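Both backbone and side-chain heavy atoms feed into the values below; hydrogens, waters and symmetry mates do not. Owing to the predicted nature of the structure, the values given are computational and were not obtained by experimental measurement. We count ligands from 1, going down the list as the structure has it; atoms in each ligand are counted the same way.
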Amino acid sequence: MRVIVVGAGLAGLTAATDLAAGGAQVSVVEARDRVGGRTHGIEVAPGSWVDAGAAYLGERHTELNALLAELGLKTTPTTMTGESRFALGHGDQTRPGRFPPLSAVALGDMFELLDELTRTIRLDAPWLTPNASYLDSVTALEWAQRKLTHPDSQLFFPLFLGEMMAADPADVSVLHMAFYLSSGGGTRYLNAFEGGAQQDRVYGGAHQICEELAARLGDRIRLGEAVRAIRQNSAEVVVCTDSGELRGDVAVVAVPPLLAQAIDFTPALPVRRATQFTRGCAVKVHLVYPGPLWRAQGLSGWSVSAQGPLLSTVDDSPADGSVGVLTGFVTGLQAHRFSALNTPTQRGEAVAHAAHLFPDLPPPIGFYVTDWVHEEYSHGCYAALFGPGDWIRHGPHLRTPHQRVHWAGTETSTEFFGLMEGAVRSGHRVAAEILTRHYSLGGTA
Ligand SMILES: Cc1cc2nc3c(=O)[nH]c(=O)nc-3n(C[C@H](O)[C@H](O)[C@H](O)COP(=O)(O)OP(=O)(O)OC[C@H]3O[C@@H](n4cnc5c(N)ncnc54)[C@H](O)[C@@H]3O)c2cc1C
């Protein structure tokens, strides 16, 4: 069986690896001149890499951890010792732990309301969740305006959603917010470092996962070839790029839904898998220092700010301590604004903000901005966001094969949607789907 995989991110390369192991003849076609998609590494000092895309994982990310072990990659704990900095509008504060200096009761009530919501979600089919049509008609912003009465929870809610989903609450339906949080293991797990989804990083950078997978797949991967069209008939599937055509028995499209939608299918897709999906908006900023200098002052590097651009910062220094790296997250509405600025202005804003949060730091020796808002072949990040009506209209079609075309990608995963774990799981799922479907070669599927 000849399988053409479109997209060399975690989903596509996991699928390709499983399919090759199952005896299929696999080709992978990737638009960028690199593999990895939404995982990407930047070398900030010789041999020291930081994650410009996905970084964090936890123990429940079982398929990702298994893959790391198989590839001989190790994890390193996310550093979170020392006090945190908060700039939440009541004067700056330095406090132990990550809990913000806001009403514990109000935030506790907010998390309880979110937990109640997430418990009702049908992960396998969110559109069949009780009350789905109502939950899918209301935005997270409208929900918060109705349910969160305390000013502290009103202040914290958009920061929380920005950090978890890179979402502006006005952009996502309540159904999508609740599905995302539930699929990621619940609010506590997703939000936690120790014991949670942000506990570890890949030692040396998450980009190595796809690079290792690609090294094993060798010349089956074609870089720099965006797929523009996919034609199929009862005998074969033809995948068209600007430089030619590939013929196979089956195709796996492992790209985000809106980018998949931009491919010209013949016959046309019977139903759309995306129309109004908005996109998550994240810009990652890396400020590099001669070492993790904040640690000497008893600070963890973690901060939360109500005003941007750096809504949160975290210590992402390489484990060898060769340099210190503060990663700043600019998400949601802030990301739209920040990504429209020129680089010197971005640098000026980010450096000034970091200096305000950590006044004893010298100016950074390195500065990197990764703007995922305008990445042509990601179309936003961390993942697709579903606005009002999207789950009900498109959800049932996200994973349904279009004859010889099957779908993968983190957005097709019922578990850990939007995360690396979801991408890996979708790759395994699609490969099993194809290997057990028994395509009749040269005949009708
Ligand atoms: C800033 C940021 C932070 C994140 N943080 C985390 C985190 O801490 N933990 C976590 O688990 N996840 C995180 N994520 C999410 C995680 O990166 C994704 O869930 C995961 O990498 C998605 O993998 P994928 O294979 O589904 O899609 P992608 O990685 O998007 O792969 C799709 C591939 O398809 C290619 N492609 C697109 N269109 C075409 C075309 N027409 N023809 C050919 N190729 C095409 C793309 O170039 C890409 O390589 C983050 C993402 C970002 C951007």
Side-chain angles (χ1 to χ4, degrees), residues 4-16 28-40 51-58 60-61 63-64 78 163-166 180 184-185 190 196-202 206-207 209-210 213-214 221-230 239-242 246 251-264 279-286 314 316 327-331 335 369-373 375-384 407-413 416-427 430:
I4 304 160
V5 176
V6 181
L10 280 169
L13 294 182
T14 305
V28 182
V29 192
E30 166 57 47
R32 287 180 166 105
D33 58 6
R34 63 167 179 85
V35 298
R38 284 172 270 179
T39 60
H40 182 43
D51 291 301
Y56 311 107
L57 66 147
R60 294 190 202 170
H61 301 177
E63 295 302 321
L64 183 58
T78 312
E163 195 193 329
M164 293 298 104
M165 304 173 63
Y180 188 97
L190 262 178
Q198 303 182 59
Q199 174 172 284
D200 297 313
R201 292 178 286 147
V202 179
H207 63 285
I209 312 171
C210 285
L213 287 170
I221 301 178
R222 301 162 67 128
L223 296 177
E225 290 194 45
V227 169
R228 308 287 182 203
I230 298 182
V239 170
C240 311
T241 72
D242 291 338
L246 283 90
V252 172
V253 176
V255 311
L258 263 184
L259 292 173
Q261 198 81 0
I263 296 171
D264 183 15
R279 43 186 165 158
C281 283
V283 179
K284 240 180 168 181
V285 174
H286 291 104
V314 65
D316 268 343
T327 300
F329 287 87
V330 191
T331 54
V369 174
T370 312
D371 176 359
W372 293 95
V373 181
E375 278 281 319
E376 183 181 3
Y377 291 113
S378 291
H379 210 72
C381 286
Y382 318 132
W407 312 105
T410 193
E411 284 90 355
T412 68
S413 190
F416 301 98
F417 174 108
L419 298 180
M420 293 187 279
E421 176 72 10
V424 172
R425 289 189 188 208
S426 80
V430 83

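At least one side-chain heavy atom of Phe417 sits less than 4.5 Å from a side-chain heavy atom of Glu411. The closest side-chain heavy-atom distance from Leu419 to Leu190 is below 4.5 Å. In this structure, the side chains of Thr331 and Glu163 stay at 4.5 Å or more apart for every pair of heavy atoms. Here the side chains of Val5 and Leu13 are not in contact, with every heavy-atom distance at 4.5 Å or above. Arg32 places a side-chain heavy atom less than 4.5 Å from the side chain of Glu375. Looking at heavy atoms from C-beta onward, Phe329 lies in side-chain contact with Val314 at the 4.5 angstrom threshold.
Salt-bridge check for Asp51 with Arg201: failed, with every basic side-chain N at 4.0 Å or more from each acidic carboxylate O. A salt bridge is absent between Arg228 and Asp264; no separation between the charged side-chain nitrogens and carboxylate oxygens falls under 4.0 Å.
Near Gly409, meaning under 4.0 Å from any of its heavy atoms, are these atoms of ligand 1: 26 (O). Listed by atom number, the atoms of ligand 1 under 4.0 Å from Ala11 heavy atoms are 25 (O), 26 (O). Atoms of ligand 1 found under 4.0 Å from any heavy atom of Ala423 (numbered from 1 in listed order, with element): 22 (C), 23 (O), 24 (P), 26 (O). Close contacts between ligand 1 and Thr410 involve ligand atoms 19 (O), 22 (C), 26 (O) [criterion: under 4.0 Å to a heavy atom]. The contact set between ligand 1 and Val6, taken as ligand atoms under 4.0 Å from a residue heavy atom, comprises 42 (N), 43 (C). The Cys381 neighbourhood of ligand 1 comprises atoms 52 (C), 53 (C), with distances under 4.0 Å to a heavy atom of that residue. The distance from ligand 1 to the heavy atoms of Arg32 drops below 4.0 Å at these ligand atoms: 46 (C), 47 (O), 48 (C), 49 (O).
Contact between Ala55 and ligand 1 is present, with at least one heavy atom of the residue lying under 4.0 Å from the ligand. Residue contacts with ligand 1: Ala226 is included, with a non-hydrogen atom under 4.0 Å away. Residue contacts with ligand 1 include Gly53, since one of its heavy atoms falls under 4.0 Å from the ligand. Contact between Leu57 and ligand 1 is absent, with no heavy atom of the residue lying under 4.0 Å from the ligand. The closest approach between any non-hydrogen atom of Gly36 and ligand 1 is below 4.0 Å.
Nearest protein heavy-atom contact of atom 31 (O) of ligand 1 is Gly9 CA, 3.5 Å. Ranking protein heavy atoms by distance to atom 47 (O) of ligand 1, first place goes to Glu30 OE2, 2.5 Å. The protein non-hydrogen atom at the shortest distance from atom 40 (C) of ligand 1 is Val227 N, 3.7 Å. Residue, atom and distance of the protein heavy atom nearest to atom 29 (O) of ligand 1 are Arg38 N, 2.8 Å. What sits closest to atom 11 (O) of ligand 1 on the protein, heavy atoms only, is Met420 N, 2.8 Å. Of the protein's heavy atoms, Ala54 CB, 3.7 Å lies nearest to atom 16 (C) of ligand 1. From the protein, the heavy atom lying nearest to atom 43 (C) of ligand 1 is Ala31 N, 3.3 Å. Atom 3 (C) of ligand 1 has Tyr382 CD2, 3.4 Å as its closest protein atom, hydrogens excluded (heavy atom only).
Looking at Val202, Val255, Val239, Val283 and measuring to atom 36 (N) of ligand 1, the nearest heavy atom belongs to Val255. The heavy atom nearest to atom 32 (C) of ligand 1, out of those in Ala254, Gly37, Ala335, is found in Ala254.
For the pair Lys284 (side chain) and Thr327 (backbone), a donor-acceptor distance under 3.5 Å is absent. Under the 3.5 Å distance criterion, the side-chain polar atoms of Glu421 are matched with a main-chain donor or acceptor of Glu63. Checked by atom type and distance alone, the side chain of Thr410 pairs as donor or acceptor with a backbone atom of Gly418 at under 3.5 Å. Side chain of Arg60 to backbone of Gly185: a donor-acceptor contact under 3.5 angstrom is found. Between the side chain of Thr78 and the main chain of Gln198, a donor-acceptor pair closer than 3.5 Å is present.
Counting heavy atoms under 4.0 Å from ligand 1, residue Trp372 touches it through the side chain alone. Under 4.0 angstrom from ligand 1, the non-hydrogen atoms of Val29 all belong to its backbone.
In summary, of the residues considered (Leu64, Thr39, Val424), a side-chain contact (heavy atoms from CB on, under 4.5 Å) with Ile209 occurs for Leu64 alone. Among the candidates Ile4, Val28, Leu246, the single residue satisfying the side-chain contact (heavy atoms from CB on, under 4.5 Å) test with Arg222 is Leu246.
Of the N or O atoms in Tyr56, one or more lie within a sub-3.5 Å distance of an N or O in ligand 1. Taking any N or O of Ala52, backbone or side chain, none lies under 3.5 Å from an N or O belonging to ligand 1. At under 3.5 Å, a nitrogen or oxygen of Gly418, whether backbone or side chain, sits near a nitrogen or oxygen of ligand 1. Polar contact check, Thr39 against ligand 1: no nitrogen or oxygen pair lies under 3.5 Å apart.
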Go through the steps for His61 and Tyr56 under the test side chain to side chain contact (heavy atoms under 4.5 Å, CB included), then give the verdict.
CA-CA 10 Å; His61 301 177; Tyr56 311 107; over 6 Å; no
